[in-house]
*Asks:* 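Supplied in structure tokens, the structure appears directly below.
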Amino acid sequence: MQWSERRAARAVAAPRVVGIDDLRTLARRRLPRVVFDYIDGGAEGEVTMRGNRRAFEAVTFRPRHAVATATCGLQTTVLGMPLDLPLLLAPIGSSRLFWPQGEIVAARAANMAGTAYVLSTMSGCRLEDVKAATTCPAWYQLYLAGGRDAARAAIARAAAAGFSALVITIDTPVAGLRERDVRNGSTELLTRRPWAMLPYLPQVLARPRWLADFLSDGGLMTFPNVDIPGEGPMRYANVGEALGQAMVTWDDVRWIRDAWRGPIVVKGVLTGDDARRAMEEGAQAIVVSNHGGRQLDGVSPTLRALPEVAAAVNGRIDVLLDGGIWRGADIVKALCLGAQAVLVGRAYAYGLGAAGGVGVTRAIEILRTGLVRTLTLLGCPSVAALDRSYLEVPADWHVDRFDRGAPVSTAPPWT
Ligand SMILES: Cc1cc2nc3c(=O)[nH]c(=O)nc-3n(C[C@H](O)[C@H](O)[C@H](O)COP(=O)(O)O)c2cc1C
């Protein structure tokens with residue numbers, strides 16, 4: 001480890017950083033407001049974003065005390081791939097704005113933790129370079145930004161580079177309205193027109209350390225994995241506009257399935273109906289996700305949607321969950337309700353924005369130690385042994401209706 005990295009590692013050690021909230025505070029200090037709010041914000045009133053975390057608070061544990069758990073198994077498999085932890089790093093677009101070479105740095109941290117990294121289409125690093133940074137599984141998340149030809153080229157490159165699964169995000173027919181981004185001038189700052197940019201520049205100039213890193217990394221990135229025929233890599237124009245033209249339909253999923261030989265993961269499922277549809281269209285795994293509350297505000301918290309989806313899937317494919325994972329205890333709750341593993345988004349993005357690779361490693365460490373501690377306090381020997389019996393779920397969640405294998409019926413037993 002270089003001296004600068006050692007210093008950064010000290011900066012994210014306890015007692016300065018004890019939980020994910022502390023990494024968030026450090027990220028807020030280092031990043032310009034427009035970048036921090038891009039990570040931190042949600043759509044419209046941010047009701048779903050807050051709801052994701054509150055749902056974890058609403059569920060309580062039923063521990064088995066005085067049970068010795070000599071071992072604490074954290075290993076799992078997803079899509080048949082062994083992982084040392086039941087958490088993967090979620091696709092986060094524009095990570096290169098948070099830290100130089102952000103996607104490569106995050107993939108390296110995932111590798112050190114023995115887990116998988118999911119690379120967003122909207123990334124600033126070449127997918128080949130990101131894959132080369134890890135020997136653990138890496139998955140490629142596909143948007144149809146730039147059209148089918150650009151997607152076909154990216155799929156071929158991802159296969160050649162060794163990505164082992166393709167993640168298709170289905171909850172972005174348009175970009176959600178993230179009001180903070182509008183207020184911070186995220187569109188104006190990309191115009192390269194000085195008069196339009198001027199009112200929003202002070203927030204950038206107020207973060208000279210970040211600015212120096214950003215300029216040393218080449219300034220505003222392009223999207224090298226969206227190679228548009230005749231045009232080259234997509235420019236960092238308004239990402240929202242690109243997403244608006246990139247809606248994925250089930251028709252597209254069929255087309256993608258023909259273009260990609262490996263497993264397909266559908267991300268953005270919130271109902272049993274969509275879960276069944278995803279299975280019919282050939283998905284080998286699904287992610288119960290509301291995009292971290294960044295798309296349709298007002299949808300269910302993901303933990304609350306999980307039992308219905310898990311019941312519809314009934315063990316036939318892997319179910320993952322993301323949204324609001326802040327603590328190891330959150331991961332345990334998701335696993336008890338039927339997830340095989342979780343994806344973590346903001347929790348590691350704060351670490352990346354705060355301190356680069358050591359920040360991501362610290363975020364993973366916080367979640368890992370929390371996971372071990374929660375399992376031990378619960379009296380459960382491994383993540384594989386978790387089930388509903390370790391939880392008390394609020395009665396109005398009607399989870400019993402969705403228990404795996406049980407018929408989805410509200411009829412009383414005597415009828
Ligand atoms: C800054 C940011 C950028 C994101 N970019 C993408 C993306 O490019 N593709 C995608 O499928 N999901 C994207 N997401 C959603 C995440 O993959 C994930 O679903 C979400 O962050 C999970 O919620 P959490 O942040 O509360 O953990 C993004 C999320 C954030 C916070």
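Quick note: numbers below take in every heavy atom, side chains included, and nothing from hydrogens, waters or symmetry partners. All ligand and atom numbering here is 1-based and tracks the order in the structure. Numbers here simply count residues along the sequence, with the first being 1. Just so it is clear, the structure is predicted and the values come from calculations on it, not from any experiment.
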*Asks:* Need the ligand 1 atom indices (1-based, order shown) with element for anything under 4.0 Å from a heavy-atom of Gly93.
*Replies:*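 Going through ligand 1 atom by atom, the ones under 4.0 Å from Gly93 are 3 (C), 4 (C), 5 (N), 6 (C), 7 (C), 8 (O).
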
*Asks:* Are Asp274 and Arg277 close enough for a salt bridge, meaning some N to O gap below 4.0 Å?
*Replies:*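 No, Asp274 and Arg277 are not salt-bridged.
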
*Asks:* Is it the case that the side chain of Asp181 and the backbone of Ser186 share a donor-acceptor pair, with hydrogens and angles ignored and the cut-off at 3.5 Å?
*Replies:*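 Not at all, since once roles are kept as given, no pair shorter than 3.5 Å links the two residues.
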
*Asks:* Examine the side chains of Thr135 and Asn111 and answer whether a donor and an acceptor come within less than 3.5 Å of each other.
*Replies:*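 Result is yes, a qualifying pair exists.
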
*Asks:* Heavy-atom pairs closer than 4.0 Å: do any link ligand 1 to the side chain of Arg346, the backbone, both, or neither?
*Replies:*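 Both backbone and side chain.
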
*Asks:* Is ligand 1 under 4.0 Å from a heavy atom in the side chain of Met49, in the backbone, in both, or in neither?
*Replies:*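 None of Met49 does.
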
*Asks:* Atom 18 (C) of ligand 1: which of Asp322, Ile325, Val344 has the nearest heavy atom?
*Replies:*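 Heavy atom nearest to atom 18 (C) of ligand 1 belongs to Asp322.
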
*Asks:* Does any N/O atom on Ile92 come nearer than 3.5 Å to any N/O atom on ligand 1?
*Replies:*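 Not met; the criterion fails.
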
*Asks:* Ligand 1 versus Tyr143, non-hydrogen atoms closer than 4.0 Å: side chain, backbone, both, neither?
*Replies:*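 Within the 4.0 Å criterion, Tyr143 contacts ligand 1 through side-chain atoms alone.
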
*Asks:* One residue to check: Pro91. Relative to ligand 1, which of side chain, backbone, both or neither has a non-hydrogen atom less than 4.0 Å away?
*Replies:*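 Near ligand 1, Pro91 shows its backbone as well as its side chain.
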
*Asks:* Which one holds for Thr169 and ligand 1: side chain close, backbone close, both close, or neither close, with close meaning a heavy atom under 4.0 Å?
*Replies:*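 Only the side chain of Thr169 comes within reach of ligand 1.
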
*Asks:* Please determine which of Val313, Val269, Leu337, Val287 meets the side chain to side chain contact (heavy atoms under 4.5 Å, CB included) test together with Val319.
*Replies:*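 Only one option passes, and that is Val313.
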
*Asks:* Would you mind running through ligand 1 and noting each atom that sits below 4.0 Å from a heavy atom of Ser120?
*Replies:*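 The list of qualifying atoms is 7 (C), 8 (O).
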
*Asks:* Could you check if a side-chain atom of Trp397 sits within less than 4.5 angstrom of a side-chain atom of Glu308, using non-hydrogen atoms only?
*Replies:*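 No, their side chains stay 4.5 Å or more apart.
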
*Asks:* With the threshold set at 4.0 Å, does a side-chain nitrogen-carboxylate oxygen contact exist between Arg254 and Glu281?
*Replies:*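 Here Arg254 pairs with Glu281 in a salt bridge, since their nearest N and O are under 4.0 Å apart.
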
*Asks:* Give the numbers and elements of all ligand 1 atoms closer than 4.0 Å to a heavy atom of Ala90.
*Replies:*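 That gives atoms 17 (O) of ligand 1.
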
*Asks:* Are side-chain heavy atoms of Leu270 and Asp171 found at a separation under 4.5 Å?
*Replies:*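 They are not in contact (no side-chain heavy atoms under 4.5 Å apart), so the answer is no.
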
